[in-house]
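When a ligand or atom number is given, it counts from 1 through the structure's own listing order. As the structure is a prediction and not an experimental result, all values here were calculated from the model.
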Amino acid sequence: MTFRDDLEAASDWVAAYLDSAGERAVVPDVSPGEIRARLPASPPEQAEPFVDVLRDLDEVIVPGLALWNHPRFFAYFANTGSEPGILAELLIAALNVNAMAWISSPAATELEQVTLDWLAQLLGLPVGLHGHIEDTASTSTLVALAAARELRPGGGVYTSEQANFSVEKCARILGLETRLVPVDDEFRMLADFPLDDATAVVATVGTTSSASVDPVPALAERCNEAGVWLHVDAAYAGSAAVCPELRWCIDGVENADSVVVNPHKWLFTPMDCSTFWTRKPEALRAAFSTHGDYLAHTDGAVDFRDYGPALGRRFRALKLWTVLRCYGRDGLQALIREHVRLAALFEEWVRAERGWQISATRHFSTVCFRHEAVDSDEIARRATETGRIFVATTRLRGQSVIRLAIGNAFTGEEDIRVAWEVLRECAR
Ligand code: PLP
């Protein structure tokens with residue numbers, strides 16, 4: 001077999017997988033250790049053909065996966081390995097460049113700059129921000145808090161009790177204390193906490209549990225007055241700003257110090273890709289810039305290794321650039337609007353059904369709801385066990401609620417109909 005034969009086999013596998021994903025069980029029926037027990041404990045002594053890898057993928061690995069790229073994956077924040085993104089990942093691996101510094105692969109750095117400028121324009125972010133790509137929102141928030149600590153060391157990180165736990169994790173890594181701020185009845189962070197001892201405030205646009213939106217304009221005003229860094233975690237909902245009618249969600253971000261949006265959540269880019277912008281790149285450089293005799297700086301160039309924790313950096317810009325080009329503004333808007341339409345339709349069905357209730361105001365493509373008499377965790381467990389859908393739960397106001405998160409580009413109206421059927425069946 002030549003490389004070209006294997007490439008054809010891999011591309012056939014990918015195309016067949018995408019065609020049939022919806023017919024597969026979305027979650028596996030396996031116990032801990034089961035997959036590991038089916039795999040050889042030691043590596044092969046001799047080379048094996050690539051087709052054997054594909055065979056084991058079909059027989060052992062895929063049956064043990066929760067299929068994130070499945071049209072009825074509604075857990076966590078559903079995402080998409082889109083066709084353009086898949087193709088770009090292949091090219092990235094073939095090129096295998098390292099975007100750690102401009103000199104290490106000049107076009108990789110410059111494409112990252114262009115792509116972040118493009119995405120900033122698509123989202124309506126201010127022009128002229130420094131932007132770069134991190135692996136995840138967790139790392140992007142670490143970057144923001146490390147930069148904030150350069151300007152005001154030793155204080156606390158204020159964030160909502162509904163913020164993603166990555167904020168607390170990042171603060172802990174940096175030796176900063178987290179102060180959780182209560183929320184109002186719409187799960188929005190109250191904006192009147194004292195800022196005297198604050199290093200940073202992290203506001204969320206699209207919280208993990210209910211996709212609520214913190215009052216960024218009010219927080220920005222207070223943070224600017226007090227000289228406190230405001231970081232906006234728009235990991236999920238920031239992508240909605242591609243649509244002018246949803247752009248309200250990032251109001252005030254123009255006055256924040258930094259913002260993260262994850263194209264690997266709701267912008268059809270395969271894991272991983274987290275975009276980060278700041279108006280204070282010099283604070284990032286103060287936190288992360290280093291000198292090594294083995295890697296010279298190039299005058300007049302940006303070395304992204306100086307703006308975050310990693311030295312080696314994947315060529316993620318290529319996949320984001322490919323996604324932005326192959327969908328275009330129109331295509332991205334159409335998909336986001338379709339997801340919001342499907343979520344609104346699902347919400348209508350829940351509201352119209354006796355015994356069910358909506359648990360949080362819905363702004364985007366995530367619906368939180370519960371049955372009045374049957375435990376949400378039990379319904380979600382039974383529903384997921386059918387293999388037909390994957391939904392997860394969270395807790396709001398002390399009650400367990402089901403979250404239906406729509407974010408896969410292959411999801412259609414029929415898929416949410418199936419979800420509603422399965423959930424009603426499981427509540428009986
Ligand atoms: N912020 C929010 C609001 C999230 O919902 C999540 C994950 O779901 C994160 C941050 C963490 O994202 P990542 O997995 O990219 O670190």
Side-chain angles (χ1 to χ4, degrees), residues 66 68 73-81 85 119 123 132-146 157-174 178 180-181 183 186-189 200-216 219 230-241 249-250 253 256 258-277 308-310 313-314 316 319-320 339 360 362-368 390-396 401 403-408:
W68 283 67
F73 186 106
F74 299 116
Y76 318 123
F77 281 125
N79 62 12
T80 309
L119 184 54
L123 300 177
H132 74 264
I133 302 180
E134 293 289 352
D135 52 0
T136 58
S138 304
T139 306
S140 293
T141 294
L142 184 74
V143 167
L145 296 184
V157 174
Y158 286 80
T159 197
S160 134
E161 58 191 26
Q162 290 287 319
N164 187 266
F165 56 52
S166 53
V167 177
E168 193 168 348
K169 225 195 232 188
C170 295
R172 206 191 308 159
I173 291 170
L174 294 166
T178 304
L180 292 182
V181 179
V183 294
E186 295 269 312
F187 306 108
R188 294 173 298 209
M189 181 180 189
V201 173
V202 180
T204 312
V205 168
T207 55
T208 311
S209 280
S210 71
S212 61
V213 177
D214 286 341
V216 178
L219 291 165
L230 176 64
H231 174 60
V232 178
D233 175 358
Y236 157 64
S239 298
C249 72
I250 57 157
V253 168
S258 57
V259 56
V260 54
V261 176
N262 271 8
H264 77 220
K265 281 192 167 34
W266 199 16
L267 213 64
F268 319 111
T269 307
M271 285 283 296
D272 50 8
C273 184
S274 178
T275 45
F276 175 90
W277 292 270
R313 301 176 71 254
R314 300 187 64 223
R316 297 185 186 91
K319 67 180 161 180
L320 181 55
H339 288 171
R362 182 199 53 78
H363 303 295
F364 309 106
S365 64
T366 302
V367 189
C368 294
F390 187 15
V391 287
T393 57
T394 187
R395 289 187 82 74
L396 292 174
V401 307
R403 279 169 83 264
L404 185 97
I406 300 170
N408 185 270

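- Closest to atom 11 (C) of ligand 1 by heavy atom, among Asn164, Thr139, Asp135, Thr207, is Asn164.
- In this structure, atom 16 (O) of ligand 1 lies nearest to the protein heavy atom Ser138 OG, 2.5 Å.
- Contact annotation for Ala137 and ligand 1: heavy atoms of both the backbone and the side chain come within less than 4.0 Å of the ligand.
- Contacts of Arg316 classified as salt bridge (Lys or Arg N to Asp or Glu O under 4.0 Å), with partners at least two apart in sequence or in another chain: Asp272.
- At a 4.0 Å heavy-atom cut-off, ligand 1 touches Asn262 through the side chain alone.
- Using a 30° and 60° split on the angle between ring planes, Phe390 and Phe73 fall in the perpendicular class, above 60°.
- Between Phe77 and ligand 1 there is a heavy-atom distance shorter than 4.0 Å.
- Of the listed options Gln162, Lys265, Glu134, Met271, Lys265 places a heavy atom closest to atom 14 (O) of ligand 1.
- A parallel orientation is assigned to the rings of Tyr236 and Trp266, their planes being inclined by less than 30° (bins at 30° and 60°).
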Would you please test Ser140 and Ser274 for side-chain hydrogen bond (donor to acceptor under 3.5 Å, both in side chains) and show each step?
CA-CA 7 Å; Ser140 293; Ser274 178; 2.9 Å; yes

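- Here Ser166 has side-chain heavy atoms under 4.0 Å from ligand 1, and that is the only part of it that gets that close.
- Contact detail for Ile406 and Ser365: the closest heavy-atom pair is O-OG, 2.7 Å.
- The distance from ligand 1 to the heavy atoms of His264 drops below 4.0 Å at these ligand atoms: 15 (O).
- Two residues are said to be in side-chain contact when any heavy atoms from C-beta on lie closer than 4.5 Å; Asp214 and Ser160 meet this criterion.
- Counting only heavy atoms of the protein, atom 5 (O) of ligand 1 lies nearest to Thr208 OG1, 2.8 Å.
- For ligand 1, the atoms closer than 4.0 angstrom to any heavy atom of Gly206 are 3 (C).
- The closest approach between Ser274 and ligand 1 stays at or above 4.0 Å for every heavy atom of the residue.
- Residue Asp233 touches ligand 1 through its side chain alone, judged by heavy-atom distances below 4.0 Å.
- Side chain of Lys265 to main chain of Phe77: no donor-acceptor pair is present (N/O by atom type, distance under 3.5 Å, no hydrogens or angles).
- With contacts defined as side-chain heavy-atom distances shorter than 4.5 Å, the pair Cys273/Lys319 qualifies.
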